[in-house]
Amino acid sequence: MKDFILPDIGEGIVECELLEWLVSEGDIIVEDQPVAEVMTDKATVQIPAMYSGTVRKLYYQAGEIAQVHKPLFAMDIEGQENSPSTDVREHASNTEHSGADDHVSTLGANQSTNTTSGVTANDSNLETFILPDIGEGIVECELVKWLVGEGEAVIEDQPVVEVMTDKALVEIPAKHNGTIVSLCYQQGDIAKVHSALFTMQVEGAQGQQQTPSKDTAQKVTTPEPTPQTQGSTSANLPIVNHKVLASPAVRRVAREQDIDLSKVQGTGDKGRILKCDLTQQRNEKSADNTKADSETHNATQRNSQGATRVERINGIKAAMAKQMVHSVATIPHFTVSEEIQMDALIALRAQLKDDFAEQGVKLSFMPFFIKALSMALKAFPIINSQVNADCTELTYFNDHNIGMAVDGKLGLMVPNIKGVQDMSIFDIAKRAAELIEQAREGRLKTQDLTGGTISISNIGVLGGTVATPVINHPEAAIVALGKMQRLPRFDENDNVHAVNIMHVSWSGDHRIIDGATMVKFNNLWKSYIEQPMTMLSTLR
């Protein structure tokens, strides 16, 4: 009699739940025949026999937790009745799927991978979609809007849901054609990366299997069960059906949220409870608690004053808060303020705006500020650089990726225009309009929000004049534009006349930029704005 040792069935997995024995003690089995079905935190896996022989002892009952590298069952190997007892150790390749609680895979030493898109020949066509990595370092996101409903048919690549990360709004598409069975989160919930997002019935999944090669076809195909084997599964089913089917991860979540699994209706294969089922139970429980809390609150509010309201900070607001704290804590800021006379630029814009409008682009002052900034950066590349965390290296950027702070639908965002040094005023105006529109609709892409080298914040549109802007880490400088004011000023002959003035406020990283450099840089940028025709000498 030889012990079959439960092999490694996934990186970092040390235990699994035995869902169902597919054989009984005394059954005759053949090589590669599935013997047991186990569930890890990530997938349901069928364990096959390595050899033909007779099952002698099953070491676990359905519902118990089996340990990796410990005996799972014992068997007599065909043709080796008199051999001494040894361990049968499986050196199977890991074919575990990408984290779905109800996907089934089969492990076998001589078995080829017989899966397509997470569905196997032994699995039903019910598939759980796992929220993938949607950005470096992002571990959760806010579910903004479901674009489909339960029971709705979808096609491959059709957007199913909008989620908001710390940096952008992302649309998640369907991987297959099929029908949405259940949605694991509600709008406004925080979804974890690598958790179940929705479940769908995959269209034609049974016909999507890869055909095994001729050499391995016999190894992959499960043989016809013997009469003894046919009765073994049904004999064990009552035990499984009376046991709550849920992975260790689901059970852990249930304990943390104080959810009774016996009261949860599972939507997975064979009634298995998925994480999304816990979400539904939690929401129902929360609704009951909310109703009770509301009644209590209303009664209390009638007899109290000074009531408060608590609101969760998440999404873009949370990201901005973290970014600002990090920036102020790690970058020594200093500020330089100046005023710029806008009369010449006002006149130039008036001459060009009709031509731009005929080409479908609205011309504001911002494209001139951005282009002048790019031209000044050529003379002061230190302003377009970034320093590493321990201040031992300085990286200079050839591209001028200039960001604009926009008060968009999802909060304050800073999309940037890439490669301004090679763009015309018209190109900049067109791209700026596109980014502003996307920000206001909450549809900026991650690439539009990353890779910036310097930023502009236009506080003047809201009425501010002077500010102390916080640098958009890891950039080295930022400028805040104040509102335009018509103010009296002296000319060279001491005559007072009205001038259109705009205050600007620079913040710089004092580790790499000194005050004199910042003032000289600002003076050059200011000269291009006050005398825009001088830009023609270097404009390209």
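These numbers were taken from a predicted model, which means no experiment stands behind them.
Side-chain contact, Asn522 with Lys520: no donor N or O sits under 3.5 Å from an acceptor N or O. When only modelled atom types and interatomic distance are considered, His473 and Ser327 share no side-chain donor-acceptor pair under 3.5 Å. Side-chain contact, Asn472 with Gln323: a donor N or O sits under 3.5 Å from an acceptor N or O. Remark: the Asn500 side chain and the Asp343 side chain contain an N/O donor-acceptor pair separated by less than 3.5 Å. For the residue pair Asn523 / Ser527, no side-chain donor-acceptor distance below 3.5 Å is found, with atom types taken as modelled. Side chains of Glu127 and Thr199: no donor on one and acceptor on the other come within 3.5 Å.
Closest of all the heavy-atom pairs between Pro488 and Val496 is CB-CG1, 3.8 Å. In terms of heavy atoms, Phe356 sits closest to Ala429 at CE2-CB, 4.1 Å. Smallest separation of non-hydrogen atoms from Arg349 and Ser364: NE-CA, 3.7 Å. Minimum interatomic distance between Leu449 and Asn416 (heavy atoms only, all atoms of both residues): C-ND2, 4.0 Å. Between Glu530 and Ala344, the shortest heavy-atom distance links the atoms O-CB, 3.2 Å. Across all non-hydrogen atoms, the minimal contact from Ile471 to Glu475 is CG2-O, 3.1 Å.
Centroid-to-centroid, the aromatic rings of Tyr185 and Trp146 stay 6.0 Å apart or farther.
In this structure the side chain of Leu143 never reaches within 4.5 angstrom of the side chain of Gln186, judged on heavy atoms.
Rounded to the nearest 0.5 angstrom, Ile190 CD1 and Ser195 OG are separated by 11.0 Å. For the atom pair CD (Gln386) and CZ (Phe397), the distance works out to 3.5 Å, reported to the nearest 0.5 Å. Here the straight-line distance linking atom CG of Leu487 with atom CE of Met502 works out to 13.0 Å at 0.5 Å rounding. With rounding to the nearest 0.5 Å, the separation of OG in Ser385 from OH in Tyr396 is 5.5 Å.
In this structure, Trp525 contributes its side chain and Phe369 its backbone to a donor-acceptor pair below 3.5 Å. A donor-acceptor pair under 3.5 Å links the side-chain atoms of Asp491 to the main chain of Asn493, judged by distance alone. Under a 3.5 Å cut-off, the side chain of Ser505 and the backbone N or O of Ala480 do not form any donor-acceptor pair. Side chain of Gln531 to backbone of Tyr528: no donor-acceptor contact under 3.5 angstrom is found. Checked by atom type and distance alone, the side chain of Lys418 never pairs as donor or acceptor with a backbone atom of Gly452 at under 3.5 Å.
Below 30°, between 30° and 60°, or above 60°: for His510 and Phe334 the angle between ring planes is between 30° and 60°, a tilted geometry.
Considering Ile428, Leu373, Asp427 as possible partners of Val420, the one that fulfils the side-chain contact (heavy atoms from CB on, under 4.5 Å) test is Ile428. For the salt bridge (Lys or Arg N to Asp or Glu O under 4.0 Å) criterion with Glu339, the lone passing option out of Arg489, Lys526, Lys483 is Arg489. Paired with Val504 under the rule side-chain contact (heavy atoms from CB on, under 4.5 Å), one option of Ile340, Val466, Val336 passes, and it is Ile340. The side-chain hydrogen bond (donor to acceptor under 3.5 Å, both in side chains) with Thr453 is formed by just one residue from the set Asp399, Asn398, Asn384; it is Asn384.
Electrostatic pairing of Lys145 and Glu162 does not count as a salt bridge here, judged by no charged N lying under 4.0 Å from a carboxylate O.
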Legend entry - Pair Ile383-Ile454, side chain to side chain contact (heavy atoms under 4.5 Å, CB included): steps then yes or no: CA-CA 8 Å; Ile383 310 295; Ile454 191 170; 3.7 Å; yes
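Counting non-hydrogen atoms of other residues, nucleotides and ligands closer than 6.0 Å to CZ of Arg440 gives a total of 12 or fewer. Within 6.0 Å of atom NZ in Lys353, 12 or fewer heavy atoms from other residues, nucleotides or ligands are found, so the atom counts as exposed in its surroundings.
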